[in-house]
Amino acid sequence: LVNRFELTFIVKQLSQLNIHLHEALQQSRPVNIKYYEEGYINFIELIVHRIDSINYEIEGTAPHSRERHKVSFLDIIDISF
């Protein structure tokens, strides 16, 4: 059971992540993503190329390589510039 304060906090966090992702996509600006994967917290820097709201993923490339990466929205902990 989630109380109203926790729910409001979660909604604000999701809104902030959404804003950062769309700014990064529009400006081709690299973002630092902190995300959860198989029990570990990982970090990756990506230039966002696509936001897939149907599959809840973002797709992008690392700034110094051509390798494409996908990260699930549900695994993202934080996004910063």
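Note that the coordinates shown come from a computational prediction; the quantities given were computed from them, not determined experimentally. In what follows, every heavy atom counts, from backbone to side chain, and hydrogens, waters and symmetry copies are set aside.
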How long is the straight-line distance from [atom2] of [Y] back to [atom1] of [X], given to the nearest 0.5 Å?
{"X": "Gln13", "Y": "Ile79", "atom1": "CD", "atom2": "CD1", "value": "11.0 Å"}
{"X": "Gln16", "Y": "Leu21", "atom1": "CD", "atom2": "CG", "value": "10.5 Å"}
{"X": "Asn18", "Y": "Ile76", "atom1": "CG", "atom2": "CD1", "value": "10.0 Å"}

Residue list, salt bridge (charged side-chain N to carboxylate O under 4.0 Å, His left out) with Glu59, at least two apart or on another chain: Arg50, Arg68
Worked check of side chain to side chain contact (heavy atoms under 4.5 Å, CB included) between Ile58 and Asp52: CA-CA 6 Å; Ile58 61 168; Asp52 184 344; over 6 Å; no
Can you give me every donor-acceptor pair (side chain of residues 28-37, partner residue at least two apart or in another chain, under 3.5 Å) with its distance?
unit_1	atom_1	unit_2	atom_2	d
Arg29	NH1	Gln27	OE1	3.4
Tyr36	OH	Gly39	N	3.3
Glu37	OE1	Asn42	ND2	2.9

Heavy-atom closest pair, residues Val48 and Ala24: CG2-CB, 4.3 Å
Shortest non-hydrogen separation from His49 to Thr61 and the atoms involved: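 Nearest pair, atom of His49 first, then Thr61: NE2-OG1, 2.8 Å.
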For Phe73, the option from Ile51, Leu17, Asn55 that meets side-chain contact (heavy atoms from CB on, under 4.5 Å): Ile51
Partner set under ring pair (Phe, Tyr, Trp, His ring centres under 6.0 Å) for Phe81, not counting sequence neighbours: His20
Ile77 reachable from Val71 in the ILVMFWY side-chain graph, under 4.5 Å edges: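 No; tracing contacts between hydrophobic side chains, which count when under 4.5 Å, never links both residues.
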